[in-house]
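Notes follow the structure.
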Amino acid sequence: MRKQGPMILGVVAGIIMIFSRYIFIGRNLGWDSTWNTYFLVSTAVASGLGVINLTRIHWKNIERRTNIVPSAVLLISLLGYSILGVGWTVASGPARWIYEVGNLQVTNALFSLLAFFIFSAAYRAFRVKSLESTTLLVVAAIGMMGTAPIGAAIHPSIEVAKDWLLNVPVTGAYRGILIGAYLGSFATALRILLGLERAHMSGGD
Amino acid sequence: MNFWDRVSNLDRRILWAVQMIIVVAILLRPIGLPIAVSSETQLAYDFFDNLPPGSIIWADFGTSGAALVELGPMIYAFFTQAFNNNLRVIGGTLWAEGPAIGQIIFEEIQEEFPDVEYGVDFVNVGYKPGTQILVRGLVDDVFEACRGVDYFARPLADYPLMQEVPRLTADYVDAIIVFAEGSPGGREWYEAAAGPEGIPLIQGTIQMSIPEAMPFLRGGQYAAIIPGNRGAAEYEFLVGRPGEAIATQDANSAMALWLITVLILGNLGFLLGKQGGGKK
């Protein structure tokens with residue numbers, strides 16, 4: 001029953017969602033909206049569960065005196081910011097100030113560091129070792145030069161070539177990937193609805 | 001290790017140091033290379049320019065601080081165009097940090113447009129969890145999906161703008177614009193609202209996600225896209241409010257040139273050095 005229970009629950013929920021979303025009578029009954037509310041409540045409960053688990057793990061770290069500093073910083077940030085948010089809302093007061101002068105600047109700076117790592121990674125990776133790697137190098141060079149204003153300043157055809165690459169091969173390939181991904185999701189959803197897919201229920205057998 | 005081997009294995013700290021010097025120098029002394037406007041950005045600009053005054057746009061500031069350098073200038077330019085054309089904006093996002101970023105930018109823009117009033121021309125309904133499910137909820141009932149309050153926890157019913165938008169459908173909203181750092185982004189808004197309800201959708205995207213957005217633009221699902229940092233610069237130019245994106249374009253050009261130079265050197269070193277079977 002440990003496996004049948006969740007499986008039956010999944011199948012029933014899936015069928016109700018299909019009935020309420022895609023069938024005229026279901027839409028008229030307004031089940032769609034009710035189930036949306038259930039989903040939002042479940043999301044909130046899952047988030048709460050995540051906070052409890054995170055707190056437990058890092059509290060244990062502090063008790064065992066392992067990784068005390070990172071765990072303490074995480075707990076203070078998590079609980080402190082939550083208290084500030086509940087007390088003043090995140091839109092104003094100290095919560096907003098901390099976000100503006102702290103979080104926003106740090107994430108911005110950290111993401112900017114990627115420019116350096118990507119640069120050195122490109123220098124090491126883009127080598128004319130084979131036909132494939134040479135193609136990658138040429139396409140990357142055209143893409144880079146075509147995107148920056150210098151490309152058109154050197155020769156207008158660089159930007160034209162970049163646009164062609166983006167509009168024809170890249171769009172075509174990405175469309176294929178997307179269709180494949182959607183078909184895969186559809187097949188997985190169908191397997192769950194038919195009770196054939198059990199990998200998401202802990203065991204996999 | 002001969003000369004070419006050394007060239008093919010340059011210390012990355014040297015590469016980074018030169019990179020930093022070039023960026024700082026160009027930012028301090030810009031060259032001012034001309035920026036040609038792409039058809040994609042022109043499409044987005046023309047779309048908003050052709051909306052009648054008073055039109056309502058739903059905006060998702062779907063970004064965190066990480067992508068602010070690309071999406072921030074777009075949001076500034078968008079607000080400028082919207083308020084220049086007397087368009088009204090409702091900010092409602094699927095990213096937890098989005099409402100804060102939207103609000104910060106709105107408050108800065110408000111200094112340039114003193115007549116623009118919160119509640120009349122702009123409302124920030126804030127972040128709500130649920131992605132597509134939330135968007136479907138907005139289609140059914142905006143007030144219920146937002147639990148009746150905005151980003152500041154004030155009642156939505158108090159705002160004149162919100163009284164005109166009971167549902168997220170084409171009857172009440174003229175367009176959706178999504179400034180998307182990643183997922184959830186334009187696709188979620190298209191699948192749950194823009195597509196089924198027939199609302200035009202415009203996506204401002206980061207450079208990395210342009211290939212992902214292109215099939216939707218070419219397929220007609222998106223009305224337009226603003227492509228990356230370059231698109232933001234073009235948008236700033238069209239709106240007539242030069243900002244950070246235009247300022248960084250010369251640095252982008254210099255960086256592209258420096259990287260091409262390094263790639264040529266690295267490959268010459270690889271081919272002529274020991275690794276590539278050159279002279280031993």
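Chain identifiers are assigned alphabetically (A, B, ...) following the order of the sequence lines, protein sequences preceding nucleic acid strands; residue numbering begins at 1 within each chain. The figures here come from the full heavy-atom set of this structure, side chains too, leaving out hydrogens, waters and symmetry mates. As the structure is a computational prediction, the values presented were derived from the model and not from experiment.
- Sorted by first and then second residue, the pairs that involve residues 185-194 of chain A and meet salt bridge (Lys or Arg N to Asp or Glu O under 4.0 Å), not counting sequence neighbours, are A:R191-A:E197.
- For A:L194, the CG atom counts as densely surrounded, since its 6.0 Å shell holds more than 12 non-hydrogen atoms of other residues, nucleotides or ligands.
- Chain A forms the most heavy-atom pairs under 4.5 Å with one residue out of B:A36, B:A67, B:G266, B:A256, and that residue is B:G266.
- Heavy atoms of B:A66 lying under 4.5 Å from chain A belong to its backbone as well as its side chain.
- Only the side chain of A:A153 comes within less than 4.5 Å of a heavy atom of chain B; its backbone N, CA, C and O stay farther away.
- For a residue to count as touching a neighbouring chain, one of its non-hydrogen atoms must lie under 4.5 Å from one of that chain's; by this rule A:V128 touches chain B with backbone and side chain alike.
- With a 4.5 Å cut-off on non-hydrogen atoms, A:A44 does not touch chain B at all.
- Looking at A:F39, only its side chain comes within 4.5 Å of chain B, counting heavy atoms on both sides.
- For chain B, the nearby part of A:L137 is the side chain; its heavy atoms alone come within less than 4.5 Å.
- In this structure, chain B has a heavy atom under 4.5 Å from the side chain of A:E159, while its backbone stays farther away.
- Options B:V69, B:I104, B:N252 differ in how many heavy-atom pairs under 4.5 Å they form with chain A, and the most are formed by B:I104.
- At a 4.5 Å heavy-atom cutoff, A:D163 makes no contact with chain B through either its backbone or its side chain.
- B:R147 touches chain A through its side chain: at least one heavy atom from C-beta onward sits under 4.5 Å away, while N, CA, C and O do not.
- A:T43 has its side chain out of reach of B:I133: every pair of non-hydrogen atoms, C-beta onward, lies at least 4.5 Å apart.
- The candidate from B:R218, B:Q249, B:M255 with the greatest count of non-hydrogen atom pairs under 4.5 Å with chain A is B:R218.
- How far OG1 of A:T134 is from CG of B:N267: 8.0 Å, rounded to the nearest 0.5 Å.
- Under the 4.5 Å side-chain criterion, counting only non-hydrogen atoms from C-beta, A:M145 is in contact with B:L257.
- Side-chain N or O atoms of A:Y123 include none that pairs as donor or acceptor with a backbone N or O of B:L15 at under 3.5 Å.
- The two atoms that bring A:V170 and B:P211 nearest to each other are CG1-CB, 3.5 Å, heavy atoms only.
- Of the listed residues (B:E40, B:Q103, B:E107), the greatest number of heavy-atom pairs within a distance under 4.5 Å of chain A belongs to B:E107.
- Evaluation of the side-chain hydrogen bond (donor to acceptor under 3.5 Å, both in side chains) rule for B:D140 yields no partner, not counting sequence neighbours.
- With values rounded to the nearest 0.5 angstrom, B:W16 atom CH2 is found 5.0 Å from A:S120 atom OG.
- Proximity of A:I150 to B:L33: side-chain heavy atoms (C-beta onward) are separated by under 4.5 Å at one or more points.
- In terms of heavy-atom pairs under 4.5 angstrom with chain A, the leader among B:Q19, B:E144, B:R12 is B:Q19.
- The line from OG of B:S38 to CG of A:L166 is 10.0 Å long, rounded to the nearest 0.5 Å.
- Of the residues considered (A:F117, A:Y99, A:F126), A:Y99 shows the highest number of contacts with chain B, using heavy-atom pairs under 4.5 Å.
- Within the model, atoms CG of B:L217 and OG1 of A:T171 stand 8.5 Å from one another, a figure rounded to the nearest 0.5 Å.
- Using a 4.5 Å cut-off between heavy atoms, A:V106 makes no contact with chain B at all.
- For the pair B:I101/A:L104, a side-chain contact is recorded, criterion being any heavy-atom separation below 4.5 Å from C-beta on.
- In terms of non-hydrogen atom pairs under 4.5 Å with chain B, the most contact-rich of A:T147, A:N103, A:I177 is A:T147.
- Of the listed residues (B:M20, B:K128, B:Q132, B:R187), the greatest number of heavy-atom pairs within a distance under 4.5 Å of chain A belongs to B:R187.
- Annotation: side chain of A:R127 is in contact with side chain of B:S8 (closest heavy-atom distance under 4.5 Å).
- The shortest distance between side-chain heavy atoms of B:F216 and A:L178 falls below 4.5 Å.
- Heavy-atom neighbours of B:F237 CZ from other residues, nucleotides or ligands within 6.0 Å: at or below the threshold of 12.
- With a 4.5 angstrom heavy-atom cutoff, A:R96 touches chain B only via side-chain atoms.
- Using a 4.5 Å cut-off between heavy atoms, B:P99 does not touch chain A at all.
- In A:Y182, the OH atom is crowded: over 12 heavy atoms of neighbouring residues, nucleotides or ligands sit closer than 6.0 Å.
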Open item on the list: Set out, in order, the CA-CA distance, both residues' side-chain angles and the distance that settles side chain to side chain contact (heavy atoms under 4.5 Å, CB included) for B:V262 and A:F119, then state yes or no.
Closed with: CA-CA 9 Å; B:V262 164; A:F119 192 96; 4.2 Å; yes

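- Nearest heavy atoms, A:P149 versus B:S253: CD-OG, 3.2 Å.
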